[in-house]
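Below: one structure, written as structure tokens.
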Amino acid sequence: MKEQDYIERLKRENSLLQDKLDKINKGKQKKRKFRWWLLKKSSVPIFGSRLKKSISNAITEYKEYKTVSVDTVSDVSSSVIWRVTRIGLFAFMVAVIPAAVLIAQTVLLVNQDRLITQQNHLVEADRRSSLVFVMNDVLSDFNDELKYKGSSSRNISKTLEARIISLCMAMKPYRFMENEILIDKPISPERGQLLFSLLQSDLGTESSRDILNSADFTYADLRKVNLGRGVNLKYARLDYSDFTGAQMPAANLERSELKEAQLSKVNLSDAVLKRARLHNADLRLAELLSADFTNANLFGADLTGADLSEATLWATKLDNANLTDVILDNVIVDRQDWIDYISNSLGLKGASQIEDRYRIKKQGKKQFILVPKK
């Protein structure tokens with residue numbers, strides 16, 4: 001190969017290499033320009049135009065004077081604080097919005113769960129209220145039997161007694177809507193209706209005793225019902241029942257079970273409550289004039305504002321009872337130190353008021369009455 005040709009070939013290769021190198025340099029320059037452009041564009045939202053301008057002024061001042069003035073430093077510092085605060089507020093908003101959405105979703109889920117629960121209770125209420133049709137059939141047979149009894153005997157057949165008892169067992173308490181609100185505690189209006197029908201039918205003593213001894217009338221709803229005078233509820237199981245505002249003077253509730261029964265504003269004047277169990281019963285503002293509570297258990301009962309004038313509290317258990325504002329004029333008790341006993345030994349609520357208002361007066365050998373202090 002001639003020397004001249006070799007030189008030419010080297011020149012061509014050098015030219016090709018130079019072109020490739022130029023292309024590489026151009027690519028690097030484009031990348032640098034893009035990065036610089038991206039930095040400039042992103043610096044504004046990240047640093048903000050104010051902070052960017054203050055930093056630029058500080059750099060320019062340093063290049064020119066080799067120092068930075070106090071005003072420039074202050075400007076940069078204030079811009080940094082302002083930017084950090086603004087970014088923090090933005091971050092706070094970003095965090096709060098999803099949290100608010102989650103809270104709203106939680107509230108919706110809770111409301112949905114509540115509505116589902118209400119719907120389930122209403123379905124159950126509808127199912128159980130269908131027992132009213134069964135009760136109508138039983139009461140129809142009940143009336144047919146009594147129709148031919150006349151005034152001589154008002155007892156019914158054992159078969160019908162068993163049907164009534166079975167029907168009462170099937171009438172379970174439930175929650176239902178009242179004034180567009182789901183009631184807090186379950187109750188059975190059907191049991192209340194059945195009991196009211198039995199009490200108003202002048203049923204014979206034997207059948208009445210058999211039914212009341214065996215049937216379950218707990219949770220019965222008898223609010224504001226007028227049962228008349230002298231109804232017989234001896235041995236009746238009436239725990240958790242609601243007699244609020246009911247009228248039942250001279251009722252016979254001897255040995256009845258009234259645990260946590262609602263008896264506020266009830267009229268039980270002259271009623272017989274011997275050995276009745278009234279654990280935690282609500283007797284606020286009840287009319288209990290001349291009622292007989294001999295050996296009754298009033299553990300935890302609330303007698304706030306009740307009128308027990310001339311009532312008998314002979315050996316009545318009053319542990320944890322509330323006697324605030326109770327009226328005890330001429331009440332019969334079984335011990336001369338009764339006031340001291342309820343105040344010091346039992347420590348009942350309202351005992352201090354009784355101590356201030358009443359004194360004990362001996363009436364018989366083992367009988368004492370409370371009389372108002374003059």
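Position 1 is the first residue of the sequence, and the numbers go up from there. Please read these numbers as outputs of a predicted model, since none were measured by experiment. When reading the values below, keep in mind they use all heavy atoms of this one structure, side chains included, and skip hydrogens, waters and symmetry mates.
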Quiz item: So, the side chain of D319 versus the backbone of F299: is there a donor-acceptor pair under 3.5 Å, distance only?
Solution: no
Exercise. Measure the spacing between CG of D302 and CG of L285 and express it to the nearest 0.5 Å.
Key: 9.0 Å
Quiz item: Are I187 and Y240 side-chain neighbours, meaning at least one heavy-atom pair lies under 4.5 Å?
Solution: no
Self-check item: Side-chain touch F217/R237, heavy atoms, less than 4.5 angstrom
Solution: no
Quiz item: Do S166 side-chain atoms and A162 backbone N/O form a donor-acceptor pair below 3.5 Å?
Solution: yes
Exercise. Give the minimum heavy-atom separation between S241 and A220, together with the two atoms involved.
Key: OG-N, 3.1 Å
Quiz prompt | Closest contact, heavy atoms only, L253 versus A276 | solution = O-CB, 3.7 Å
Quiz item: Is it the case that S207 and E161 place a side-chain donor and acceptor less than 3.5 Å from each other?
Solution: yes
Practice problem: Under the salt bridge (Lys or Arg N to Asp or Glu O under 4.0 Å) rule, collect the residues that match up with K317, sequence neighbours excluded. | Solution: none
Quiz item: Within the side chain of T312, is there an N or O that forms a donor-acceptor pair under 3.5 Å with the backbone of D292?
Solution: no
Quiz item: According to the side chain to side chain donor-acceptor pair (under 3.5 Å) rule, which pairs have a member within residues 191-205, sequence neighbours left out?
Solution: R191-T218
Self-check item: Residues forming a salt bridge (Lys or Arg N to Asp or Glu O under 4.0 Å) with R163, sequence neighbours excluded
Solution: D141
Practice problem: Mind checking salt bridge (Lys or Arg N to Asp or Glu O under 4.0 Å) for E260 and listing every partner two or more places apart, or none if nothing turns up? | Solution: none
Quiz prompt | L203 backbone acceptor or donor facing S208 side chain under 3.5 Å | solution = no
Check residues 336-355 and write down every donor-acceptor pair under 3.5 Å in which the side-chain atom is one partner and the other belongs to a residue at least two apart or another chain.
unit_1 : atom_1 : unit_2 : atom_2 : d
D337   : OD1    : R335   : NE     : 2.8
D337   : OD2    : R335   : NH2    : 3.3
Q353   : OE1    : D325   : N      : 2.9

Exercise. Please answer whether the main-chain N or O of F293 pairs with a side-chain N or O of T316 as donor and acceptor at a distance below 3.5 Å.
Key: yes
Self-check item: Any donor-acceptor N/O pair, D239 side chain to L258 backbone, under 3.5 Å
Solution: yes
Practice problem: Considering only Ile, Leu, Val, Met, Phe, Trp and Tyr, and joining two whenever side-chain heavy atoms are under 4.5 Å apart, list the other residues clustered with M169. | Solution: I165
